[in-house]
Novice: 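I have a structure I would like to understand better, so I am pasting it below and will then ask my questions one at a time.
Here is how names work: the chains are called A, B, and so on, in the same order as the sequence lines, proteins then strands, and each is numbered from 1. Quick caveat, the model's predicted, so the values are computed rather than measured.
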Number of protein chains: 2
Amino acid sequence: MSIQEDVRALCLAAREAVPSIANTDGEARNRALLAMSAALRARTAEILAANEDDLSRAEENGVPRVMLDRLRLSAERICGIATAMEALCALPDPLARSESWQRPSGLSITRQSVPLGVVAIIYEARPNVTADAAALCIKSGNAVVLRGGKEAIATNRAIVTVLQEAIAGCGIDPNAISLVTSTSRESADALLQMRGLVDALIPRGGKGLIQNCVENAKIPVIETGAGNCHVYVDAAANLDKALRVAVNAKCQRPSVCNAAESLLVHRDIAEAFLPRFAEATRPWQVELRGCPRTCAILPSAKPATEEDYLTEYNDFVMSVLVVDGLDEAIAHINRTGTGHSEAILTEDTAAAARFMQHVDAAAVYHNASTRFTDGGEFGFGAEIGISTQKLHARGPMGLEALTTVKYMVTGDGTVRE
Amino acid sequence: MSIQEDVRALCLAAREAVPSIANTDGEARNRALLAMSAALRARTAEILAANEDDLSRAEENGVPRVMLDRLRLSAERICGIATAMEALCALPDPLARSESWQRPSGLSITRQSVPLGVVAIIYEARPNVTADAAALCIKSGNAVVLRGGKEAIATNRAIVTVLQEAIAGCGIDPNAISLVTSTSRESADALLQMRGLVDALIPRGGKGLIQNCVENAKIPVIETGAGNCHVYVDAAANLDKALRVAVNAKCQRPSVCNAAESLLVHRDIAEAFLPRFAEATRPWQVELRGCPRTCAILPSAKPATEEDYLTEYNDFVMSVLVVDGLDEAIAHINRTGTGHSEAILTEDTAAAARFMQHVDAAAVYHNASTRFTDGGEFGFGAEIGISTQKLHARGPMGLEALTTVKYMVTGDGTVRE
C-alpha cells in the first residue's frame, strides 16, 4: 500500500472504533484511564528499552541535545505520565454537560456535549505527548490518531501497544488509539487530507510544523502554540513589582510559548527601569536587543531589527522597545504579537483596563507574568494545548475543547408549517 | 493594483476599523443597527434601481429563473430586512457574557466574550445576505468583509454604501462593513489567503462554493450548509405521524439544506408505509428513486444508484431504501449523511434513544421534521448559518458563534514559581 492508503486505512479503523469509546459512560472511560496508567507502570521496562533504541539512533544521527532531552524517558517520567492519567479520573466528565428547553412548536430540545469523533495530533519527538494526548482523548470519548516525530518512533510504538492492550481489556476497540507508523513527511501530509475521517487536527510543536498544518490541511485545525509575548512596563508601574514580573516572564522557563519575548517600556520610566532589568537578568545572561533609545540607556544592548520584534526566541534573548505611551504599546503588540499572552505592569487601573480591552490576545495580564497561560494554572485540570486562534477554543484548552454539541430534538409527529 | 493587493488593502482597512466597532457597548451597537435599518428604508428606491440593473444584466446573460428569484429585491423584501435588523436590537448582547474566578496563585481570572475581529462571508447572488450578515456582525462587534456573487454586484454596492454611511453617522469606521467589488474567482481565492487579517470565514452557498473555501482557505473556516438529511421510519412507527413528518421533511421547502433527501423504511413496515407515502407526495410530483425492495413495492419508483444515496437534490426527488433494522439505518446514515439533520419516526423510545445517540449529526430528531434545524425555530433569534462541522459551532449558529473569548487576568506583581 502507498503511504496515503496506509494512513487512510488507519484513519478508517480509528473512525470505526468511535462507537466503542463515544458511547461509554464517564465511569467506563475512567476505568480505561486507570487500566492505561497501570499498564504504563507495569511495562515501564519495555517502554524504556524502546526509548533506548530511539536515543542511540538519535545520538548517531547527531540530534541536538535539547531534542534528546525531550525524547528521553525515565522510570520517573513514565510514573509522572501515569499519575497524570490517574488525576484525569477526578475531573468532571466533559460529556455530561447538557441543557434543555421547550419551543412553542411543541419541540423539546436538548443541547448535549458529545465527543468530536476522531482527533488527530501531529507532534514532534516528545513521547510524553503520545500518552498524554491519548489519555485526554479517551477521557473525552474520542478516538485519536497520533503522528509523532520520527526520532521517537520506537518509543511511540511501545507506548501505543501498551495503551491499546489496556483499553482492549476494557472492551474498547484498540484502534481508538492509533499510531501512524510511517514518519515520512508524506504521512503527515496524507493525514491533513482525511476529510470525512478526521474531525479535528491539533498540531503541537514548532512554528514550521504548525504552519504546514494550518496552510495545507483540508480538515479543521486548531492552531496552537506560537507565542511572541510582550511585557509592557507603563509609566505608572511599581518598579519592584514590574521587575519581578518581567524577569519571571522572560527567565523562569524561556523555551515555552508563554514566556515573554519582548519588553516594552514607557519612555518616562525607561531610564529608571532598564538598567535594573539588565542587572536582574544578568544571572541568566539574557541578550537584550533594543531600539536606539534602549541602546542609549543600556550600552550592553545590541541593536534590534524589525525581525527581532517579530521573533519568538524561546531562549535567553529579548527584544526591547521604548515607547512614547500606552497606545503605541497597544498598537505595537497588535501588529507584532501572535495573540497569545500580553502583560501590562502599572498601578494605573484606567491604563490597565484600556490595555486589556484593546490588546487582541487569548490572555491579557495586569501585574502578572505571562507564564500563567496554562490549563493547570487557570484551573482547568488538564490541557491539550494553547489555542492562538479564535474559533472553537482560545487560550488554554481543557477537556471541553475536545467536545462538540449535538441537538437532540423530540416531538410527537411535529411538522414545520 | 492587482486583485490580490486590492483584497489585501480592503481587509487591512476592515482590520483597522475593528477597534471602532469592537470597543463599543451593546447600546451603541443597537443604535448602529437602527441607523442601518432606517437608512435601508429611506433609500429603498436607490437600492431597487441598482437591483434593476443587476436583474436586466442577469436576464440578458440567461441566468436561470431560480437564481433571478433570489437576486430580486422588492420594497417588501427590503422592509423585511430592515425589520429583522430592528428585531436584532432586542436580542441579548453577545459580548456581555463573562465569568470570573480566583486561583490559589492569587490571580483573578475573567473569561470574557469578545468579537472575533474581522469576519469574511463569501456567498452567492443573494443580496439579502449582504444586509443580514452585516447586521449580525455589527450586533456582535465584528467588522465584516463581504464577497457576494457577481450577478448582485450593483445591488451589493448600493446596500453597502447605504449601510456604511449609516454606521459612519454613529461614529463607527465605515470600513467595518466592507465589500469586495471584484467578483472574479481570483478575488474569492485572494480572500482565502488573508491570514492575520481575517479571523474567520463563513462560506454560504452551494456545494462547490463551500468545498472551494474549505479546501483552499488558509484562514479558519466555518463549514455550513450541506444537508443530505434522512428520515427513518422504524418498525414501531405510528404510520399517521410518520407520514405527516416524512412529507413535511421532503415537501414543505425542498430547496433548503434541512429538507429530507432520503427515506429509510424498516422492512416490516415498508409494504404498509411506502404506498401511502407515494400517494401523499403525489401533489408535489416527488420522484422516488428506490432500492430493489422499494421498487418491488412501488412500481412507480425508479431504481436508485449509490450516487443517489449521496446526493442532496434540493428538489422534489428522494432516494428510498428499505433496511433490515435500526442498526442498518444508523450505519447507512453515518456513511452517507452530511452530519446535518436526521430523524427517526417510532413509538419505541429505546430505538429512538439508540438512534439519537449513535447517529453523528448536528441535530437528531425523534418524531419531528428535519425542517426545524434553524436558528429561529431553535429559539436563537438570529442565524448566520448552519454549521455542519464540529469545531467552534455545530448546527444553527446564533450571535454567539460570531464571538470568541479573552482571558483577562489580574495579579499584584504575581509570578510563576
Novice: Would you check if A:Tyr407 and B:Pro396 make a side-chain contact, meaning some heavy-atom pair closer than 4.5 Å?
Specialist: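 Yes, side chains in contact.
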Novice: Could you look at A:Leu107 and say if it's the side chain, the backbone, both or neither that has a heavy atom under 4.5 Å from chain B?
Specialist: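 Answer is side chain: those atoms of A:Leu107 sit under 4.5 Å from chain B.
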Novice: Which one, B:Ile344, B:Leu243, B:Leu116, leads in non-hydrogen pairs under 4.5 Å with chain A?
Specialist: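 Option with the top pair count is B:Leu116.
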Novice: Do A:Val409 and B:His366 come within less than 4.5 Å of each other through their side chains, counting heavy atoms only?
Specialist: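 The answer is no, as the side chains (C-beta and beyond) never meet within the 4.5 Å cut-off.
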Novice: Does B:Glu417 pair with A:Arg371 as a salt bridge, N-O distance under 4.0 Å?
Specialist: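 No, this pair does not count.
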Novice: Any side-chain heavy atom of B:His392 within less than 4.5 Å of one from A:Thr404?
Specialist: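 Result no, sub-4.5 Å side-chain heavy-atom pair not found.
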Novice: Specify which of A:Glu215, A:Arg253, A:Glu347 makes the most heavy-atom pairs with chain B at under 4.5 Å.
Specialist: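 Option with the greatest count: A:Glu215.
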Novice: For chain A, which of B:Asn367, B:Thr403, B:Val221 has the most heavy-atom pairs under 4.5 Å?
Specialist: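 Looking at each option in turn, the highest pair count goes to B:Asn367.
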Novice: Heavy-atom distances under 4.5 Å only: say whether B:Asp240 touches chain A with side chain, backbone, both or neither.
Specialist: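 Neither part, no heavy atoms under 4.5 Å.
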Novice: I'd like to know if the side chain of A:Trp101 and the backbone of B:Gly379 have a donor-acceptor N/O pair within less than 3.5 Å.
Specialist: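 Not confirmed, A:Trp101 side chain does not pair with B:Gly379 backbone.
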Novice: With a 4.5 Å cut-off on heavy-atom pairs, point out which of B:Asp374, B:Asn248, B:Thr338, B:Thr370 contacts chain A the most.
Specialist: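 Counting heavy-atom pairs under 4.5 Å, the top option is B:Asn248.
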Novice: Could you have a look at B:Val245, B:Asp199, B:Asp412, B:Asn216 and say which one has the most heavy-atom pairs with chain A under 4.5 angstrom?
Specialist: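 That would be B:Asp412.
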Novice: Would a 4.5 Å heavy-atom cut-off, applied to side chains only, mark A:Val114 and B:Arg394 as touching?
Specialist: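 A side-chain contact under 4.5 Å exists here.
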Novice: If you define the side chain from C-beta out and look only at heavy atoms, does anything of A:Val214 sit under 4.5 Å from B:Lys218?
Specialist: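 With C-beta onward as the side chain, the pair stays apart.
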Novice: Is the closest basic N to carboxylate O distance between B:Asp360 and A:Arg15 below 4.0 Å?
Specialist: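 Judged by the 4.0 Å cut-off on N to carboxylate O distance, B:Asp360 and A:Arg15 do form a salt bridge.
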Novice: Where on B:Thr410 is there a heavy atom nearer than 4.5 Å to chain A: the side chain, the backbone, both, or neither?
Specialist: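 For B:Thr410, backbone and side chain are both near chain A.
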Novice: For the interface with chain A, which of B:Ala361, B:Gly395, B:Ser341, B:Pro19 has the highest count of heavy-atom pairs at distances below 4.5 Å?
Specialist: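 Top option by heavy-atom pairs under 4.5 Å: B:Ala361.
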Novice: Among A:Ala401, A:Ser108, A:Ala363, A:Ala217, who wins on heavy-atom pairs under 4.5 Å with chain B?
Specialist: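 Answer, by heavy-atom pair count under 4.5 Å with chain B: A:Ala363.
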Novice: Any carboxylate oxygen within less than 4.0 angstrom of a Lys/Arg side-chain nitrogen, looking at A:Glu377 and B:Arg416?
Specialist: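 Judged by the 4.0 Å cut-off on N to carboxylate O distance, A:Glu377 and B:Arg416 do form a salt bridge.
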Novice: Is A:Ala22 in contact with chain B via its backbone, its side chain, both, or neither, using a 4.5 Å heavy-atom distance?
Specialist: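 For A:Ala22, the backbone is the part near chain B, not the side chain.
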Novice: Side chain, backbone, both or neither: which part of A:Asn334 has a heavy atom under 4.5 Å from chain B?
Specialist: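 It is neither, since no heavy atom gets under 4.5 Å.
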Novice: Counting heavy-atom pairs under 4.5 Å with chain A, which one of B:Gln252, B:Gln389, B:Arg111 comes out on top?
Specialist: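 Looking at each option in turn, the highest pair count goes to B:Gln252.
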Novice: Please tell me if the side chains of B:Asn23 and A:His358 come closer than 4.5 Å, counting only heavy atoms from C-beta onward.
Specialist: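 B:Asn23 reaches A:His358 side chain to side chain.
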Novice: What part of B:Ala362 gets closer than 4.5 Å to chain A, counting heavy atoms only: side chain, backbone, both or neither?
Specialist: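 Interface part for B:Ala362: backbone (N, CA, C, O).
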Novice: I'd like to know if the side chain of B:Lys406 and the backbone of A:Gln357 have a donor-acceptor N/O pair within less than 3.5 Å.
Specialist: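 Yes, B:Lys406 side chain to A:Gln357 backbone: donor-acceptor pair under 3.5 Å.
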Novice: Using non-hydrogen atoms and a 4.5 Å limit, figure out which bit of A:Ile109 sits close to chain B: side chain, backbone, both or neither.
Specialist: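 Contact with chain B involves the side chain of A:Ile109 alone.
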Novice: Checking B:Val359 against chain A: side chain, backbone, both or neither under 4.5 Å from a heavy atom?
Specialist: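 It is the backbone, since no side chain atom gets that close.
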Novice: Heavy-atom distance under 4.5 Å between the side chains of B:Leu391 and A:Leu391, does that happen here?
Specialist: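 Of all side-chain heavy-atom pairs linking A:Leu391 with B:Leu391, none is under 4.5 Å.
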Novice: Going by an N to O cut-off under 4.0 Å, is there a salt bridge joining B:Glu223 and A:Arg195?
Specialist: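 Yes, this pair counts.
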Novice: Measure B:Ala352 against the heavy atoms of chain A and call it side chain, backbone, both or neither at under 4.5 Å.
Specialist: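 No part of B:Ala352 comes within 4.5 Å of chain A.
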Novice: Counting only heavy atoms closer than 4.5 Å, note whether A:Ala249 contacts chain B via side chain, backbone, both or neither.
Specialist: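 Interface part for A:Ala249: neither.
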Novice: Below 4.5 Å, heavy atoms only, C-beta onward: do A:Tyr365 and B:Thr414 meet side chain to side chain?
Specialist: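 Not touching, per the 4.5 Å side-chain cut-off.
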